[in-house]
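The structure appears right after this line, and notes come after that.
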Amino acid sequence: MKFRMVAAVGSALAVLAMSGCSGSSGGTPSESAAGKSFEFWSFTGINQKADVAKYKEKRPDVEVKLTEVGGATETAQALTTALAGGKVPDLVLIQGDNLPKFVQQPQNFVDLRTLGADKMKSDYLDWVISQSVAKDGSIIGIPTDVGGMAVAYRTDLFKEAGLPTDRDEVSKLWPTWDAFIETGKKYTAATGKAFIDNAGTGIFYQAVNQVSQKYYDPAGNPVYDKNPEVKAAFDLGLKAVAAKITARQASFSDAWSAGIKKGDFAVIAAPSWMLGQLKDNAPDTKGKWDLAKIPGGAGNWGGSYLAIPKRAKNPKAAWEYISSTQSPQGQLQHFTEAGSLPTTPSVYKDPKLTSVKEPFFNDAPIGTIYTDSLLGLKPFLIGPDSAVMGQEFLNAITNVEQGKGDPAKAWDAALTAIRTAIGG
């Protein structure tokens, strides 16, 4: 699912208040009179209404009361508030970055093994499903999608810069992030324009997701401040800023959207869900884009999970929705219709997936490009404060990029901000 920047929670709580999602539900999980209706909280920007509509085509007898709470962070905060004593939904979508803190509270969720998740667990990528398994073995969420990685690039702009345009040749330009930055220098020197949108999400965020361990070690101890892999990824972001190859446009900002339309930058780090963003923002650029491999060959950005809170009134109806829509064939169908990349590797060689080509991106075989990027990933532990840590590292790089921070002090500034944020 789509990545969203951290946002305030006020609008989320206002939405819930207007929709009557407050107060205590009380009681134990039980079926409603109809036994088929359920309340579903999702975040915005992913067209969840379309998914619900497709489900209701198959199950017209089911009423799904969908509330699009706000951004992913807003939805997670609203869920936290509800779990503390308010009325919980029967089903909730949680973005992967926000999941770890809920996994530490398995008592607040239905153990999906009791509904059949133990029989489905092997359907999913090990490193994806493992993120929703608590220490006591309970499964609190089923993955809906994953954000395999590629680099989207403008073939017309590459041609103007004297660079190759064939996707295989372009991929050979940057086997490493250092080579990627060097390619950016060549592009900028030839055109006088920025190569990439920004250094934070465009380079640091991708490189730091290719590490063997990230902000926590396998035992769950924070290592964000002493992990050399994290520091190396951070330094790559600063190196890109120093090379002056970035457009200094924050992902998903208005200026970023305008920059896509105008060709202000030639490449964007593009998880599978980003393709829809590019098409929506710049429809007139159809056919001018293509997709190359991410430096390092493997990567992931995004992904979400469906969970059922413990005090849900209709857990069985919510589970029926999960088991129906998130089976391997259900995820495959969702990919072919909406582009959400399956977390179920059994369908990665299915002709329905491998044959998918995207006309907007020069008929790039998106099924194979994105699933190939997932298979080389090394799993690492995502901890309860991983999202906060990552955001502060991004903020520090952005400050330097915007001329507000000293690159020599950026790392220490990030560590200080993280310690303040997590109370460590």
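Donor-acceptor pairing under 3.5 Å is lacking for the side chains of N198 and T398. With hydrogens and angles left out, the side-chain atoms of D178 and T176 include no donor and acceptor closer than 3.5 Å. Neither side chain, E160 nor T191, offers a donor N or O lying under 3.5 Å from an acceptor on the other. No side-chain donor from either of D123 and T344 sits under 3.5 Å from a side-chain acceptor of the other.
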(message) Does F43 form a side chain to side chain contact (heavy atoms under 4.5 Å, CB included) with Q48? I'd like the steps, not just the answer.
(response) CA-CA 8 Å; F43 41 85; Q48 193 67 248; over 6 Å; no
(request) Could you walk me through whether E68 and K49 pass the side chain to side chain contact (heavy atoms under 4.5 Å, CB included) test, one step at a time? (result) CA-CA 9 Å; E68 292 189 329; K49 292 179 181 179; 3.9 Å; yes
(request) Check the pair R113 / D111 against salt bridge (charged side-chain N to carboxylate O under 4.0 Å, His left out), numbers first and verdict last. (result) CA-CA 5 Å; R113 293 179 300 177; D111 180 357; 2.8 Å; yes
(request) Quick one: do D290 and V170 satisfy side chain to side chain contact (heavy atoms under 4.5 Å, CB included)? Show the steps, please. (result) CA-CA 10 Å; D290 209 324; V170 171; over 6 Å; no
(message) Run I260 and Q277 through side chain to side chain contact (heavy atoms under 4.5 Å, CB included) and show every step you take.
(response) CA-CA 10 Å; I260 294 172; Q277 293 266 344; over 6 Å; no
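At most 12 heavy atoms of other shown residues, nucleotides or ligands fall within 6.0 angstrom of atom NZ in K186. The 12-atom threshold is not exceeded at CG of D126, counting heavy atoms of other residues, nucleotides or ligands nearer than 6.0 Å. Other residues, nucleotides and ligands place more than 12 heavy atoms under 6.0 Å from the CG atom of N221. The number of heavy atoms from other shown groups lying within 6.0 Å of NZ (K226) is above 12.
Side-chain N or O atoms of Q402 include none that pairs as donor or acceptor with a backbone N or O of K404 at under 3.5 Å. Side-chain atoms of R311 come within 3.5 Å of backbone atoms of G86 as a donor-acceptor pair (strictly under, hydrogens ignored). A donor-acceptor pair under 3.5 Å is formed between the side chain of W319 and the backbone N or O of L115. A donor-acceptor distance shorter than 3.5 angstrom exists from the side chain of T144 to the backbone of S304, with no hydrogens or angles considered. Checking side-chain atoms of Y224 against main-chain N and O of G390 turns up no donor-acceptor pair under 3.5 Å. A distance-only check finds a donor-acceptor pair linking the side chain of Q105 to the backbone of K101 [under 3.5 Å]. No side-chain donor-acceptor contact under 3.5 Å links E401 to the backbone of G237. Formation of a donor-acceptor pair under 3.5 Å by the D197 side chain with backbone atoms of F265 is not found in this model. At distances below 3.5 Å, at least one donor-acceptor pair connects side-chain atoms of W174 with backbone N or O atoms of K293. Remark: the backbone N or O of K288 is paired with a side-chain donor or acceptor of T155 at under 3.5 angstrom.
By the 4.5 Å heavy-atom criterion applied to side chains, L125 and L377 are not counted as neighbours. In this structure the side chain of Q331 never reaches within 4.5 angstrom of the side chain of V347, judged on heavy atoms. P342 has its side chain within reach of L353: a pair of non-hydrogen atoms, C-beta onward, lies under 4.5 Å apart. When side chains are defined from C-beta on, Q77 does not count as touching E74, because their heavy atoms never get closer than 4.5 Å. Between L275 and Y370 there is a side-chain heavy-atom pair separated by less than 4.5 Å. A heavy-atom distance below 4.5 Å is not found between the side chains of T188 and K244. The closest side-chain heavy-atom distance from F109 to V103 is not below 4.5 Å. In this structure, K239 and D235 have side chains that are not in contact, with every pair of non-hydrogen atoms separated by 4.5 Å or more.
Separation of atoms CD (Q326) and NE2 (H334) is listed at 8.0 Å; rounding is to 0.5 Å. Interatomic distance, OG1 of T75 versus CG of L79, reported as 9.0 Å (0.5 Å rounding). Taken from CD1 in I397 to CG in L236, the straight-line distance is 9.0 Å, to the nearest 0.5 Å. Separation of atoms CZ (F180) and NZ (K185) is listed at 13.5 Å; rounding is to 0.5 Å. In this structure, the separation between CE on M120 and CD1 on I139 is 9.5 Å, given to the nearest 0.5 Å. L374 contributes atom CG, which lies 8.0 Å from atom OG of S272 (distance to the nearest 0.5 angstrom).
Ring centroids of F102 and Y305 are separated by 6.0 Å or more, keeping the two rings apart.
Taking the centre and axis of the six-membered ring of Y205, the NZ or CZ atom of K214 falls inside the cone set by 45° and 6.0 Å.
P328 and S346 get closest at one heavy-atom pair: CB-OG, 3.7 Å. The minimum heavy-atom distance between G383 and P100, with the atom names listed, is O-CB, 3.2 Å. Nearest heavy-atom pair across P315 and A312 is CD-O, 3.6 Å. Nearest heavy atoms, L381 versus D217: CD2-O, 3.3 Å. Nearest heavy atoms, R167 versus I369: CD-CD1, 4.5 Å. Residue A421 comes nearest to V388 through the heavy atom pair CB-CG1, 3.6 Å, listed as atom of the first residue, atom of the second, then distance.
Taking the six-membered ring where the residue is Trp, W411 and F234 present perpendicular rings, their angle passing 60° and hence far from 30°. Classification of the F252-W301 ring pair by plane angle, with boundaries at 30° and 60°, yields tilted. Ring geometry for F195 against Y187 counts as tilted: the plane angle lies between 30° and 60°, on a 0 to 90° scale.
Between K262 and D264 there is a salt bridge, since a side-chain N of the basic residue sits under 4.0 Å from a carboxylate O of the acidic one.
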